[in-house]
Amino acid sequence: MHVGFIGLGVMGQPMAANLARAGTPLVVGNRTPGRCEPLRALGAEVAGSPGEVFERAATVILMLADETAIDDVLGRGSPAFASRVAGRTVVHMGTTAAEYSAGLQTDVAAAGGRYVEAPVSGSRVPAERGELVGMLAGDEDAVAAVRPLLAPLCRETFACGQVPGALLMKFSVNLFLITQVTGLAEAFHFAERHGLDGRLLRDVLDAGPMASAVSRIKGPKLLERDFRVQAAAADVLKNNRLIAEAAREAGLASPLLDVCHALFGETVAQGHGGEDMAAVLRALEARTEAARPPGAHTTPSPPSAHASRA
């Protein structure tokens, strides 16, 4: 039978495309039908409704924006739910609250289906390249069956025990990512306001022990103020909220995350939620301007001598 894929957004479309290119017999569905056309061109079949996807596929991958969208596609809370999931494997690859995922697993199992939690680490570019990192949780037999299916999408996959272990692992990874990118944005803001050459900062970072795949992708975006979306600020804010809620429920302190939560909230409130997460720079700039005494210069005079590479 076909593999189903529902949710062709910024991440879902390149993920589904990689499955189609790998020869996976694919049937796709999306609330906005036009997003299905690139998949049709790659040989995927296009379903007219979520119900049709489930009718034709033994395994259905969901890459949807939130819990409401997932429940709607599954028909959860209605008679359609049991008919859609019975005898099928539901693979939840989006990001939701851990408790929601655990409850969904219970409901899918009660209806006679199997459930695998499979969030990924990576943004649009790794998704296009098939270089995501997958985290899987669920019953061992279900995870073992799904894992090879994700090979065209993921550079590597990791088994994370029972649900919601994979989502909690993703939260841990994203906590580091969010604080890392926010710190990088603040570093570029600091350098720019001291009159330093941002390109030189990029080169120094790239040459040193702080360099990473993230800094090498986001550094140039900050330097060029290129906020074309790879991971949207609004999505990062949602992730931040989910991680903060999980921390509160466990009685954990998360001071760095809490500062980032405020900054991404300000970024979205300023109207930049559809821009890349590097646009958190805008919130930092706004705070600087708000704190600036009247009549002060925007950028101080540059130091008498900048550092340079030999």
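Bear in mind that the values here come from a model prediction, so they are computed numbers and not experimental data.
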Yes or no on side chain to side chain contact (heavy atoms under 4.5 Å, CB included) for Val28 and Arg35, after CA distance, side-chain angles and deciding distance?
-> CA-CA 10 Å; Val28 301; Arg35 297 196 66 85; over 6 Å; no
Are Ser83 and Glu55 close enough, and set up right, to give a side-chain hydrogen bond (donor to acceptor under 3.5 Å, both in side chains), and what steps lead you there?
-> CA-CA 9 Å; Ser83 63; Glu55 287 172 6; over 6 Å; no
When you look at Leu200 and Leu196, which way does the side chain to side chain contact (heavy atoms under 4.5 Å, CB included) test go after all the steps?
-> CA-CA 8 Å; Leu200 185 57; Leu196 300 178; over 6 Å; no
Kindly determine whether Val53 and Phe5 satisfy side chain to side chain contact (heavy atoms under 4.5 Å, CB included), including the steps that lead there.
-> CA-CA 8 Å; Val53 175; Phe5 199 110; over 6 Å; no
Go through the steps to decide whether Arg248 and Glu245 satisfy the test salt bridge (charged side-chain N to carboxylate O under 4.0 Å, His left out), and finish with yes or no.
-> CA-CA 5 Å; Arg248 296 296 89 80; Glu245 289 173 355; over 6 Å; no
Under the side chain to side chain contact (heavy atoms under 4.5 Å, CB included) rule, what do Leu284 and Leu263 come out as? Steps first, then yes or no, please.
-> CA-CA 7 Å; Leu284 293 164; Leu263 287 165; 4.0 Å; yes
Would you please test Arg21 and Glu128 for salt bridge (charged side-chain N to carboxylate O under 4.0 Å, His left out) and show each step?
-> CA-CA 12 Å; Arg21 291 188 189 101; Glu128 290 172 346; over 6 Å; no
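Shown here is Arg124, whose CZ atom has more than 12 heavy atoms of other residues, nucleotides or ligands within 6.0 Å. The neighbour count for Arg199 CZ, taken as heavy atoms of other residues, nucleotides or ligands under 6.0 Å away, does not exceed 12. Shown here is Glu186, whose CD atom has no more than 12 heavy atoms of other residues, nucleotides or ligands within 6.0 Å.
Under the 4.5 Å side-chain criterion, counting only non-hydrogen atoms from C-beta, Leu177 is in contact with Val214. By the 4.5 Å heavy-atom criterion applied to side chains, Gln13 and Leu39 are counted as neighbours. A 4.5 Å side-chain heavy-atom check between Asp71 and Phe81 finds every atom pair outside the cut-off. Side-chain contact between Asn240 and Leu242: absent, with no pair of heavy atoms (C-beta onward) separated by less than 4.5 Å. No side-chain heavy atom of Val27 sits under 4.5 Å from any side-chain heavy atom of Val46. Residues Met93 and Val120 meet the side-chain proximity criterion, which asks for heavy atoms closer than 4.5 Å. Two residues are said to be in side-chain contact when any heavy atoms from C-beta on lie closer than 4.5 Å; Leu132 and Met11 meet this criterion. Looking at Arg216 and Asp206, their side chains come closer than 4.5 Å, going by heavy atoms from C-beta outward.
Residue Ser215 comes nearest to Leu184 through the heavy atom pair CA-CD2, 3.9 Å, listed as atom of the first residue, atom of the second, then distance. When all heavy atoms of Ala144 and Pro148 are compared, the pair lying nearest together is O-CD, 3.1 Å. Val143 approaches Val116 most closely through the heavy-atom pair N-CG2, 4.0 Å. For the residue pair Leu281 and Ala185, the shortest heavy atom distance occurs at CD1-O, 3.7 Å. Nearest heavy atoms, Gly4 versus Ala57: N-CB, 3.3 Å. A pairwise comparison of heavy atoms in Leu167 and Ser101 identifies CD1-CB, 3.5 Å as the closest pair.
Under a hydrophobic clustering in which Ile, Leu, Val, Met, Phe, Trp and Tyr are joined whenever their side-chain heavy atoms come within less than 4.5 Å, directly or via other members, Leu205 and Phe190 fall into different clusters. Placement of Val91 and Val85 in two distinct hydrophobic clusters is found when ILVMFWY residues are connected by side-chain heavy-atom separations under 4.5 Å, directly or transitively. Met135 and Met15 are not part of a single hydrophobic cluster, where members link through side-chain heavy atoms under 4.5 Å apart. Under the 4.5 Å side-chain heavy-atom criterion for grouping Ile, Leu, Val, Met, Phe, Trp and Tyr, Phe264 is connected to Phe171 within one hydrophobic cluster. Under the 4.5 Å side-chain heavy-atom criterion for Ile, Leu, Val, Met, Phe, Trp and Tyr, Val73 and Leu8 are members of distinct hydrophobic clusters.
Distance check, rounded to the nearest 0.5 Å: CD of Glu67 to OG1 of Thr95 gives 10.5 Å. Between the CZ atom of Phe54 and the CD1 atom of Ile6 there is a distance of 4.5 Å, given to the nearest 0.5 Å. Note: Phe176 CZ to Ile243 CD1 = 13.0 Å, rounded to the nearest 0.5 Å. Note: His189 NE2 to His194 NE2 = 10.0 Å, rounded to the nearest 0.5 Å. How far OG1 of Thr182 is from CG of Leu256: 9.5 Å, rounded to the nearest 0.5 Å. The SG atom of Cys160 sits 9.5 Å away from atom CG of Leu168, with the distance rounded to the nearest 0.5 Å.
By the 4.0 Å N-to-carboxylate-O rule, Glu140 lies too far from Arg114 to be salt-bridged with it.
Taking the six-membered ring for Trp and thresholds of 30 and 60 degrees, His92 and Tyr100 have ring planes more than 60 degrees apart, a perpendicular arrangement.
Under the 3.5 Å distance criterion, the side-chain polar atoms of Ser78 are matched with a main-chain donor or acceptor of Ala80. The backbone N or O of Thr96 lies less than 3.5 Å from no partner atom in the side chain of Lys238, so there is not a single donor-acceptor pair. Using a distance-only test at 3.5 Å, with no hydrogens or angles considered, no donor-acceptor pair links the side chain of Thr89 to the main chain of Thr59. Side chain of Asp72 to main chain of Thr68: no donor-acceptor pair is present (N/O by atom type, distance under 3.5 Å, no hydrogens or angles). Looking at Glu52, its side chain never comes within 3.5 Å of a backbone N or O of Ala47 through a donor-acceptor pair. No donor-acceptor pair under 3.5 Å is formed between the side chain of Lys221 and the backbone N or O of Met277. In terms of modelled atom types and a separation under 3.5 Å, the side chain of Glu156 and the main chain of Val133 share no donor-acceptor contact. A donor-acceptor pair under 3.5 Å is formed between the side chain of Asp66 and the backbone N or O of Ala69. Between the side chain of Arg147 and the backbone N or O of Thr157, at least one donor-acceptor pair lies under 3.5 Å.
Of the residues listed (Glu117, Lys170, Met169, Gln105), the one engaging Pro164 in a side-chain contact (heavy atoms from CB on, under 4.5 Å) is Glu117, and it is the only one. Results of the salt bridge (charged side-chain N to carboxylate O under 4.0 Å, His left out) test with Asp276 over Arg228, Arg225, Arg282, Lys218 single out Lys218 as the only residue that passes.
No side-chain donor-acceptor contact under 3.5 Å links Glu275 and Thr267.
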